[in-house]
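Counting convention: from 1, in listed order, for ligands and their atoms alike.
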Amino acid sequence: MTSFSTILGGGHSALVSFACCALTLSAVAQQPLKTLLVGVDHRSVTSLNGEWHYLVDQPPAKGLYASDGKVRDNGYALNTHPNIDSGPHNEEYDFATAPTLKVPGDWNTQDPTLFRFEGVVWYEHDFNFQPTPNTRTFLHIGAANYKSFVWVNQMRICDHEGGFTPFDCEVTAALKAGSNFGVIAGDSTREVDGIPSVGIDWFNYGGLTRDVSLVTLPTQFIDDYDVHLKREGTFSAANTKTLTGYVHVEGAPEGTPVTLRIPEAGVNTTLKTDREGRASFDLQPNSLALWSPETPKLYKVEFASGQDKLTDDIGFRDIRVDGTRILLNGKPIFLQGANMHAEAPYRTGRACTDEDVKNIFGFLKDLNANFVRLAHYPHDERMERTADREGIMVWSEIPLWQHISFDKPEVYAKATSMLNEMIRRDRNKASVILWSVSNETPNNAVRTQFLTNLANEARKLDSSRLITSALLGPHLKGTEMVQDDPLADALDVVGQNEYIGWYEMRPEDADKITWTLPQKPILISEFGAEAKQGVHGGKDERWAEEQQVNVYEHQFVMINKIPQVRGVVPWVLMDFRSPTRNIPKLQDGFNRKGLVSEDGKKKLAFYLFQTSYKEHSVGKAN
Ligand code: GCB
């Protein structure tokens with residue numbers, strides 16, 4: 001069997017650990033597997049979404065943690081029904097009569113008493129299951145913030161750390177015919193050595209925030225694949241004739257056949273797995289229509305091996321840097337974008353439904369955007385799927401935000417795990433053009449080494465995309481800005497965040513500022529000002545929509561003078577909840593730099609961008 005560390009990289013085991021000891025392994029034919037199944041949303045699964053009973057385990061969370069900090073397998077995890085009316089007295093909890101939360105969904109916006117709760121909440125769900133011989137079943141969790149501990153029928157199945165990426169834990173041995181139950185303890189406590197660390201400018205929504213399902217597969221199954229346009233030294237029509245990649249079949253002996261078909265491109269080929277279960281290929285399709293924002297063409301790609309089959313929708317395109325230009329399919333592009341947190345429009349809470357994603361893309365399309373930075377962590381997979389279909393290019397980032405413990409090897413292991421999980425989930429999405437390793441980190445040698453290693457790790461995992469990070473600073477010297485952060489050397493595209501006109505100086509000062517920036521493509525990855533929707537006033541009146549417009553107008557003057565700017569990404573598309581935004585009546589717990597309010601009302605600055613993007617009046621592709 002392929003070891004887990006082979007599948008997801010050595011660091012991953014630090015994040016997802018498999019609680020083998022609680023299982024009766026003698027009853028299990030194969031070692032249970034923890035993995036990350038690619039394309040789960042294109043498989044037929046048993047959804048476990050819906051109502052889950054929940055119990056709050058207030059700090060110090062004695063239901064979950066023993067006094068030595070170890071996770072207890074003999075507490076709430078057992079889901080025993082307590083003796084409430086008669087002795088002997090035992091643990092005082094009962095899932096059966098507990099209220100329910102909707103999964104997927106954060107707990108904060110579903111129970112008013114949990115609005116600001118950061119800690120441990122237990123989830124329990126009863127479900128029916130009929131095992132099928134010669135299959136393996138996985139519990140798929142789209143994301144759970146921040147740590148998860150999983151039991152099925154009292155057996156500890158797996159743990160996971162990281163709030164924004166999926167994981168799959170094998171439950172074959174734990175399931176039985178008929179009624180079953182799953183118990184998941186979620187701990188959203190912020191930790192200094194977590195990623196992110198304790199200080200964040202977004203709401204720390206806790207819980208099972210994305211889809212949960214059971215995925216039943218044949219004993220040998222396709223768990224990972226990568227199909228992309230081969231990247232030649234230069235881009236030309238002659239150089240776009242090869243698709244390259246691999247299909248990985250878990251549990252497959254060497255020589256196992258794998259069929260790869262792309263009917264529309266005339267591909268129908270049988271590959272063979274190697275000793276690792278991986279079937280690599282280079283193949284020549286009929287001429288391909290390349291994916292682009294104007295023509296977001298997706299092909300049906302069919303994979304089959306033994307009893308397993310799966311069809312995905314995949315686009316093919318080439319993205320590269322040439323000097324200070326970004327080329328998509330050989331053509332220089334300018335990214336007209338917006339930043340977005342995974343905040344649900346209108347209803348608030350963590351975005352996780354088709355409706356949330358539809359609303360977000362509605363704003364982007366209306367803005368005439370061709371690009372979105374999904375800040376500051378991987379979002380729901382629906383976002384990339386929609387971006388693929390709608391022709392919106394994507395920046396995807398791990399939650400390595402400002403200060404984290406760069407000096408700790410275990411934190412590096414967590415970062416590589418999150419990077420692995422992000423890339424593995426989305427490497428087949430044509431819309432994703434940039435992997436970001438971090439946002440606004442302090443400029444020092446330890447940090448630079450950490451992030452340079454991480455950028456190289458990202459390249460090793462995926463050599464077909466561009467690597468970026470959002471840098472902060474430098475501070476203004478007179479009217480001059482000189483960005484000399486050495487981290488830029490490790491990046492293909494440099495993100496520059498700056499808030500001239502809001503956190504520093506006056507809006508009109510931007511007109512006179514000159515920038516010295518690396519000779520690489522630059523994205524102005526954050527800029528903006530707060531405005532409360534509906535507040536009107538003079539152009540210098542803080543919190544007025546007119547002032548936000550004024551800041552952006554002066555920013556445009558400045559940006560248009562920087563030759564290597566290849567994209568603008570205002571902060572931020574929509575107002576979002578943040579624990580640090582506490583000015584009553586203006587912020588009320590929201591960061592108000594949105595072009596749209598959280599209830600979907602457009603501010604004046606939205607229309608400024610809409611027009612500028614329509615007329616392509618900010619920035620140049622060349
Ligand atoms: C930043 C951060 C972002 C904040 C934003 C702000 O530089 O990258 O996460 O939310 O500024 O509004 O201050």
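- For the pair Arg542 and Trp502, the distance from NZ or CZ to the six-membered ring centre is under 6.0 Å and the angle to the ring normal is within 45 degrees.
- Exactly one residue among Asp575, Asn582, Thr580 makes a side-chain hydrogen bond (donor to acceptor under 3.5 Å, both in side chains) with Ser578. That residue is Thr580.
- Under the 3.5 Å distance criterion, the side-chain polar atoms of Tyr613 are matched with a main-chain donor or acceptor of Gly337.
- For Gln587, the side chain to side chain contact (heavy atoms under 4.5 Å, CB included) partners two or more places apart in sequence, or in a different chain, are Glu530, Trp543, Arg581, Ile583, Arg592.
- Protein neighbours of ligand 1 below 4.0 Å, counting non-hydrogen atoms: Asp201, His376, Trp401, Asn439, Glu440, Asn497, Tyr499, Tyr503, Glu526, Trp571, Phe576, Arg581, Asn591, Lys593.
- None of Arg465, Arg566, Arg459, Arg325 except one satisfies the salt bridge (charged side-chain N to carboxylate O under 4.0 Å, His left out) rule with Asp492; the exception is Arg459.
- Contact record, Ile319 with Ser464: CG2-O, 3.5 Å, taken as the closest heavy-atom pair.
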